[in-house]
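Working notes for the structure below.
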Amino acid sequence: MTDDRRLTPRSEDFAAWYNEVVLRAELADYSPVRGSMVIRPWGYGIWENMQRALDDLFKETGHENAYFPLLIPMSFIEKEKEHVEGFKPELAVVTHAGGKDLEEPLVIRPTSETIIYSMYSKWVQSYRDLPLLLNQWANVMRWELRTRLFLRTSEFLWQEGHTAHATAEEAEEETRRMLGVYRTFMEEWIAMPPLTGLKSESEKFAGAVRSYSCEALMQDNRALQAGTSHFLGQNFAKQFDLTFQSEAGEEEYAWNTSWGVSTRLVGGMVLTHGDDDGVVVPPRLAPAQVVVVPIARGEDGGAVREKAESLRLQLKDAGVRVRVDARDHLSPGAKFYEWERKGVPIRLEVGPKDLAKEQVVLVNRVELEGEKRKQFLPEDEAVKSLPGRLDRLQAHLLARAVQRREENTRRGAASIDELADHFEDGAGFVYTGWSGDPGVEEEVKERTKATIRCIPDPDFRSSTPPERCVGGEKAEMEVVWARAY
RNA sequence: CGGGGCGUGGCGCAGCACGGUAGCGCGCCUGCUUUGGGAGCAGGAGGUCCCCGGUUCGAAUCCGGGCGCCCCGACCA
């Protein structure tokens with residue numbers, strides 16, 4: 001009999017660990033429909049914090065929110081040739097409604113470029129109407145054959161930004177700006193440091209001219225595409241007649257961008273920070289940053305509960321998200337395990353012994369082992385130090401993730417054999433030269449299952465550019481390979 | 001879409017080869033005692049054994065068909 005209160009350790013079966021931790025931390029649950037999931041309050045609370053932070057960043061960069069409908073005429077999707085090719089296999093289509101067959105099938109949006117740019121064409125007449133910078137928070141549906149909680153489900157929540165500009169340069173700048181916003185958000189909130197760069201032709205978004213992405217390395221050394229930003233050129237503008245009159249009086253097609261991140265980020269957070277005890281939620285995302293567990297024993301019970309409540313109020317005033325776990329039917333130990341599984345950053349314990357000494361017990365989620373795991377602190381010091389402790393924990397998680405990424409990154413491989421060796425050795429990201437030949441990309445994929453995650457941005461490039469492609473030809477660029485989610 | 005696994009109280013499972021009163025752990029409810037790392041005792045509630053058909057005096061168990069979910073591979077935020 002195994003102890004089913006424990007999670008399967010990551011080292012034993014990483015995929016099993018992930019499923020268990022998501023279910024048992026009550027982030028999400030399976031729904032009756034295959035491949036779709038219910039996001040539970042703890043998971044949704046994390047998503048809400050992500051939304052709030054991202055939404056602020058979008059507003060700061062000049063965007064407004066709007067909402068476009070769920071149902072899109074099939075003919076819209078079919079207008080852009082590459083777009084329809086990319087999405088056709090995963091479309092869910094409404095053919096029947098109100099007791100009758102529909103004249104034209106309606107697609108449940110897999111993404112909203114078509115409906116949005118068709119509306120933009122109505123709203124934009126002059127260069128004075130540009131740029132048009134909108135975002136929407138929505139659900140989308142892509143019929144997936146193989147699904148995983150948060151990482152790939154048929155329905156998921158995301159935001160999609162869609163902008164229209166007068167010039168290609170301005171649109172390109174917007175594409176890059178939003179990629180940067182994503183990078184900042186991932187580093188500073190999720191403490192998940194991504195690699196950013198340009199997608200290869202074979203990996204880019206269907207319908208885009210160029211796609212950029214954020215690629216984060218998970219604990220099992222697989223890469224997660226965590227956010228994308230696309231320069232759409234005039235592809236959609238031409239199909240939906242999105243034109244404007246320029247300053248010079250000429251009619252021109254607008255230039256578009258689109259960019260998105262999804263609830264997949266919650267999965268990325270789990271895969272980046274989680275451990276064998278459960279999820280670890282970075283303080284800036286935690287629905288509860290501190291949980292106070294009163295050990296309300298015997299005659300002191302009332303006084304202990306009052307102390308817990310007083311701690312809650314003090315911390316709330318200090319700007320900390322805090323809750324008291326006053327449930328009476330669970331032992332303190334059971335509560336400790338539960339909140340550790342859910343990943344609350346800091347726990348405070350207060351019991352009869354602490355009352356007399358005016359102290360509290362503080363436990364940090366990432367320091368559960370060893371002598372120092374429980375710190376005994378004077379109450380006022382604990383309260384005063386908490387915001388700083390949360391900040392340091394946030395910084396620690398990022399530093400730890402950066403270090404893990406660097407330790408699992410290899411630079412240079414003269415041949416596909418060497419590249420394969422790196423992956424045999426358990427590498428995460430591998431940097432090599434590339435000629436730009438899709439044949440080489442295909443060959444590497446067959447040999448190693450790794451794909452080009454991106455052509456890295458300057459921040460991430462090797463100090464000396466590679467001279468040779470892994471295929472043997474002259475290298476035209478540096479690329480990063482990884483096995484991807 | 002191919003391969004594997006599973007479907008039995010809320011959850012996790014046993015029972016099935018050999019048909020005969022449906023069981024265990026956890027959870028849940030009530031009461032009392034408890035509370036510093038997954039509380040104890042006592043009492044209690046809760047089941048169309050995935051569905052349909054067949055064999056049989058009798059099916060969770062045998063036979064046929066179907067459905068669903070999970071996991072592993074080809075396509076993908």
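Chain A is the first sequence line, chain B the second, and so forth, proteins listed ahead of strands; every chain is numbered from 1. Being a predicted model, the structure only gives us computed values, none of them experimental.
Taking the nucleotide of RNA chain B with the nearest heavy atom to each of A:Gly86 and A:Phe376, the more 5' of the two is matched to A:Phe376. Between A:Arg34 and A:Arg142, the residue anchored closer to the 5' end of RNA chain B is A:Arg34, taking for each the nucleotide with the nearest heavy atom.
In this structure, the side chain to side chain contact (heavy atoms under 4.5 Å, CB included) partners of A:Leu313, at least two apart in sequence or on a different chain, are A:Glu309.
Remark: the A:Arg373 side chain and the B:G37 base include a donor-acceptor N/O pair separated by less than 3.5 Å. Donor-acceptor pairing under 3.5 Å, judged by distance alone, is absent between the side chain of A:Glu338 and the base of B:G37. Interface remark: the A:Lys374 side chain does form a donor-acceptor pair with the B:G37 base, using a distance-only criterion of under 3.5 Å. One can find a donor-acceptor pair under 3.5 Å joining the base of B:G37 and the side-chain atoms of A:Arg347.
The residue A:Lys335 sits apart from the nucleic acid: no heavy atom pair falls under 4.0 Å. If you check every strand for non-hydrogen atoms under 4.0 Å, A:Val261 touches nothing.
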Which dot-bracket notation, 5' to 3', represents the base pairing of RNA chain B when pairs are defined as Watson-Crick or G-U with both distances under 3.5 Å, crossing pairs as [ ], and inter-strand pairs as |?
((((((((.[[[[.)....(..]]]].((((((.....)))))).....[[[[[..)....]]]]])))))))....
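Residue A:Tyr30 has its side chain nearest to B:C70 when only B:C72, B:C70, B:U35 are considered. The A:Arg341 side chain lies nearest to B:G38 when the options are B:G73, B:G38, B:A77. Closest to the A:His329 side chain, of the nucleotides B:G73, B:C70, B:C28, is B:C28.
A salt bridge links A:Glu215 with A:Lys199; the closest basic N to acidic carboxylate O contact falls under 4.0 Å.
OP1 or OP2 of B:G73 sits under 4.0 Å from a side-chain N or O of A:Arg146. For the OP1/OP2 pair of B:A74 and a distance below 4.0 Å, the side-chain nitrogens and oxygens of A:Lys449 include at least one atom meeting the criterion.
In this pair, A:Phe336 does not lay its aromatic ring on the base of B:G37; centres under 5.5 Å and planes under 30 degrees do not both hold. Aromatic stacking is marked for A:Phe156 over B:A77, as both cut-offs hold: 5.5 Å for the centres and 30° for the planes.
The same atom, C1', is picked in B:A45 and in B:C71; the two are 35 Å apart, to the nearest Å.
Going from atom CG of A:Asp13 over to atom P of B:G4 covers 20 Å, rounded to whole Å. One atom, CG of A:Leu91, and another, C1' of B:A77, lie 14 Å apart when rounded to the nearest Å.
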